[in-house]
Amino acid sequence: MEQVRIMDAQVQTRRIYNLLGEVYELSQQLADAIDREDQVAVQMLLGMREEPIRKLAETKELLMQQIEEAEMEESVRLRALLNGEAAVAENEEGLANQVAVNARLLKQVHELDKRLNRKITRGKSIYQ
């Protein structure tokens with residue numbers, strides 16, 4: 001696969017990592033605010049989480065555009081890498097590693113979000 005395409009995808013996946021980290025940090029602060037029963041902070045932090053979540057969606061859309069614009073073979077390979085497939089070429093390793101790191105962080109964000117949802121909704125969590 002073309003090095004430029006890999007680097008472009010790696011830049012976007014690194015951006016996703018940074019945004020996931022921001023969502024995670026804000027979610028931790030939200031959990032603390034819920035524990036303190038600070039409704040003002042809860043509302044503020046919920047609003048603050050919207051921006052990085054919106055940027056995550058935009059960044060994912062950019063990655064989808066990269067896949068669509070690539071030649072068929074590159075498109076298939078790029079999609080596979082972004083879905084967590086292991087690198088087969090040396091120039092794919094950075095992207096594959098970043099995707100794996102992102103997947104782990106996304107899992108942590110998801111678990112924290114489950115706990116937050118249960119705290120906020122009490123017995124009416126969407127995760128039950």
Side-chain angles (χ1 to χ4, degrees):
M1 184 177 342
E2 241 182 78
Q3 185 64 29
V4 172
R5 191 162 313 278
I6 290 173
M7 290 303 295
D8 286 346
Q10 194 168 349
V11 166
Q12 296 305 322
T13 56
R14 180 65 185 178
R15 184 167 188 232
I16 288 171
Y17 173 80
N18 291 333
L19 290 166
L20 284 171
E22 189 175 340
V23 170
Y24 187 80
E25 178 64 32
L26 289 168
S27 297
Q28 286 181 316
Q29 292 175 27
L30 180 59
D32 292 342
I34 291 169
D35 290 342
R36 291 189 318 268
E37 297 181 9
D38 183 347
Q39 294 303 313
V40 172
V42 167
Q43 291 302 316
M44 182 182 72
L45 289 163
L46 282 171
M48 289 172 67
R49 273 184 10 147
E50 289 178 17
E51 181 67 16
I53 290 171
R54 182 186 58 74
K55 287 180 180 178
L56 275 167
E58 290 172 0
T59 305
K60 285 182 145 187
E61 183 61 33
L62 286 172
L63 280 170
M64 292 293 97
Q65 286 176 342
Q66 282 183 290
I67 290 170
E68 292 170 7
E69 292 170 0
E71 300 280 329
M72 178 60 94
E73 189 176 309
E74 281 190 341
S75 176
V76 169
R77 185 67 195 135
L78 186 55
R79 186 180 308 277
L81 285 166
L82 293 172
N83 285 326
E85 195 170 296
V88 293
E90 188 176 328
N91 67 344
E92 296 176 347
E93 288 178 10
L95 178 57
N97 290 339
Q98 187 64 59
V99 168
V101 168
N102 289 4
R104 288 190 296 272
L105 182 54
L106 179 60
K107 185 175 181 178
Q108 290 174 345
V109 169
H110 188 253
E111 289 301 316
L112 180 55
D113 193 60
K114 278 184 184 179
R115 289 196 313 267
L116 287 172
N117 187 271
R118 288 185 185 119
K119 283 182 178 187
I120 291 173
T121 62
R122 307 270 192 278
K124 299 178 182 175
S125 172
I126 61 171
Y127 293 105
Q128 291 184 5

Gln108 atom CD, over 12 foreign heavy atoms within 6.0 Å: yes
Main chain of Glu2, side chain of Glu74: is a donor-acceptor contact present, judged purely on distance under 3.5 Å? yes
How far apart are the closest heavy atoms of Val23 and Ile53, and which atoms are they? CG2-CG1, 3.9 Å
Side chain proximity check, Asp113 to Arg49, heavy atoms < 4.5 angstrom: yes
Assess whether side-chain contact (heavy atoms from CB on, under 4.5 Å) is satisfied between Val101 and Leu105, documenting all intermediate values. CA-CA 6 Å; Val101 168; Leu105 182 54; 5.6 Å; no
Are more than 12 heavy atoms, taken from residues, nucleotides or ligands other than Gln3, located less than 6.0 Å from that residue's CD atom? yes
The reported gap from CG in Leu30 to CD in Glu25 (rounded to nearest 0.5 angstrom) is 11.5 Å
Any side-chain heavy atom of Leu82 within less than 4.5 Å of one from Leu95? yes
Salt-bridged, Arg54 to Glu58, with N to O below 4.0 Å? yes
Side-chain donor/acceptor of Gln10 to backbone N/O of Ile6, under 3.5 Å: no
Evaluate the criterion side chain to side chain donor-acceptor pair (under 3.5 Å) for residue pair Asn102 and Gln98; output intermediate values, then yes/no. CA-CA 6 Å; Asn102 289 4; Gln98 187 64 59; 2.9 Å; yes
Straight-line distance of Lys55 NZ to Glu22 CD, nearest 0.5 Å: 6.5 Å
Using a cut-off of 6.0 Å, state whether more than 12 heavy atoms not belonging to Glu37 lie near its atom CD. no
Check the surroundings of atom CZ in Arg79: do more than 12 heavy atoms from other residues, nucleotides or ligands lie under 6.0 Å from it? no
Once you round to the nearest 0.5 Å, how far does NE2 of His110 lie from NZ of Lys114? 5.0 Å
Linking I/L/V/M/F/W/Y whenever their side-chain heavy atoms sit closer than 4.5 Å, directly or via other members, would Leu116 and Leu46 fall into one cluster? yes
Donor-acceptor check, side chain of Ser75 to backbone of Glu68, threshold 3.5 angstrom: yes or no? no
Search all heavy atoms of Leu26 against all heavy atoms of Pro52 and return the closest pair with its distance. CD1-CG, 4.1 Å
Answer with yes or no whether the hydrophobic clustering places Ile67 together with Val88; edges join I, L, V, M, F, W, Y residues whose side-chain heavy atoms lie under 4.5 Å apart. no
Counting only heavy atoms not in Tyr24 (residues, nucleotides, ligands), do more than 12 fall under 6.0 Å from its OH? yes
Any chain of hydrophobic side-chain contacts (each under 4.5 Å) joining Leu19 to Leu62? no
Which pair of heavy atoms, one from Glu85 and one from Leu81, lies closest together, and at what distance? O-CD2, 3.6 Å
Do you reckon Leu78 sits in the same ILVMFWY cluster as Met7, going by side-chain contacts under 4.5 Å, direct or chained? no
Can you tell me how far the CZ atom of Arg115 sits from the CD1 atom of Ile34, to the nearest 0.5 Å? 11.0 Å
Out of curiosity, Arg5 CZ to Arg77 CZ, how far, rounded to the nearest 0.5 Å? 14.5 Å
Working to the nearest 0.5 angstrom, can you tell me the gap between Arg15 CZ and Thr59 OG1? 3.5 Å
Indicate if Val99 and Met64 have the same hydrophobic cluster label, given that clusters are the connected sets of ILVMFWY residues with side-chain heavy-atom separations under 4.5 angstrom. yes
In terms of heavy-atom contacts, Ala41 and Arg36 come closest through CB-NH2, 3.9 Å
